[in-house]
Amino acid sequence: QVQVEESGGELVQAGGSLRISCAASGRTFSIYAMGWFRQSPGKEREFVASIRWSGVLTTYADSVRGRFTISRDNAKNMVYLQMNSLKPEDTAVYYCAATNVRSDLNTAFPPRVRSAYAYWGQGTQVTVSS
């Protein structure tokens with residue numbers, strides 16, 4: 001089992017920056033990849049970014065590529081999402097997720113689909129004011 005917990009969400013102004021964090025615990029040695037998803041009221045939970053637990057491969061949603069950066073610190077069992085040039089439409093609850101399974105053998109990139117992740121946090125609220 002892997003547990004993940006998000007932190008760092010807050011209210012920021014449009015154009016500003018924010019870094020949110022995700023702490024992993026439990027069987028962290030078994031993690032294959034971790035991801036960030038977000039959900040705003042009335043919408044489906046959507047993919048934001050993901051990262052392999054080892055190596056350098058990352059994946060981004062088109063809507064955040066170039067503005068957001070996902071990173072990790074294996075020694076601390078932490079994953080971060082640096083968000084720059086924030087827009088009001090980035091307002092959402094941001095969820096951290098982890099998987100210890102490589103669900104798609106056709107790619108080495110970390111997964112971007114919800115179903116690939118078994119472990120989820122409770123979310124952290126990010127609000128971007130205009």
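The side chain to side chain donor-acceptor pair (under 3.5 Å) check on Arg112 picks up nothing, with sequence neighbours excluded. By the ring-ring contact (aromatic ring centres under 6.0 Å, His included) test, Phe68 is found to be paired with no residue, residues two or more places apart in sequence or in another chain being considered. Under the rule for a side chain to side chain donor-acceptor pair (under 3.5 Å), the partners of Asp62 that lie at least two apart in sequence or sit in another chain are Arg65. In this structure, the side-chain contact (heavy atoms from CB on, under 4.5 Å) partners of Ser54, at least two apart in sequence or on a different chain, are Arg52.
Among residue pairs with one or both ends in residues 103-130, those qualifying as ring pair (Phe, Tyr, Trp, His ring centres under 6.0 Å) are Phe37-Tyr117, Phe37-Trp120; sequence neighbours excluded. Residue pairs meeting the side chain to side chain donor-acceptor pair (under 3.5 Å) criterion with at least one member in residues 78-91, sequence neighbours excluded, are Ser17-Asn84, Arg38-Asp90, Arg67-Asp90, Gln82-Asn84.
Atom SG of residue Cys22 and atom CD1 of residue Ile51 lie 11.5 Å apart, to the nearest 0.5 angstrom. Rounding to the nearest 0.5 Å gives a distance of 9.5 Å between CE of Met78 and OG of Ser71. In this structure, CG in Asn77 is found 11.5 Å from CD in Gln3, a value given to the nearest 0.5 Å. Atoms CG and OG, on Leu86 and Ser129 in that order, are 10.0 Å from each other to the nearest 0.5 Å.
Side chains of Val4 and Tyr95 form no contact here, defined as non-hydrogen atoms less than 4.5 Å apart. In this structure the side chain of Ser50 never reaches within 4.5 angstrom of the side chain of Thr58, judged on heavy atoms. The closest side-chain heavy-atom distance from Asn100 to Arg27 is not below 4.5 Å. Met83 has its side chain within reach of Leu81: a pair of non-hydrogen atoms, C-beta onward, lies under 4.5 Å apart. Taking the side chain as every heavy atom from C-beta outward, Val2 and Ser25 never approach each other to under 4.5 Å. Contact annotation: the side chain of Arg45 approaches that of Arg114 to within less than 4.5 Å [non-hydrogen atoms, C-beta and beyond].
Taking a 6.0 Å sphere around CZ of Arg102, one finds it holds more than 12 heavy atoms contributed by other residues, nucleotides or ligands.
Minimum heavy-atom separation, Glu6 to Gly123: OE1-N, 2.9 Å. Taking both residues in full, the closest heavy atoms of Ile31 and Trp53 are given as O-CB, 3.4 Å, listed atom of the first, atom of the second, then distance. In this structure, Pro88 and Ala14 approach most closely via the heavy-atom pair CD-CB, 4.1 Å. The heavy-atom pair separating Ala108 from Tyr32 by the smallest distance is O-OH, 3.7 Å.
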Yes or no on side-chain contact (heavy atoms from CB on, under 4.5 Å) for Val126 and Glu10, after CA distance, side-chain angles and deciding distance?
CA-CA 5 Å; Val126 174; Glu10 62 182 58; over 6 Å; no
Evaluate Val12 against Thr127 for side-chain contact (heavy atoms from CB on, under 4.5 Å), listing each step before the verdict.
CA-CA 6 Å; Val12 295; Thr127 303; over 6 Å; no
Yes or no on side-chain contact (heavy atoms from CB on, under 4.5 Å) for Trp36 and Tyr94, after CA distance, side-chain angles and deciding distance?
CA-CA 7 Å; Trp36 285 100; Tyr94 282 71; 4.3 Å; yes
How far apart are the C-alpha atoms of Thr59 and Phe47, what are their side-chain angles, what is the distance that settles it, and do they pass the side-chain contact (heavy atoms from CB on, under 4.5 Å) test?
CA-CA 10 Å; Thr59 306; Phe47 170 76; 3.9 Å; yes
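Between the side chain of Ser21 and the backbone N or O of Ser7 there is no donor-acceptor pair closer than 3.5 Å. Side chain of Gln125 to backbone of Gly9: no donor-acceptor contact under 3.5 angstrom is found.
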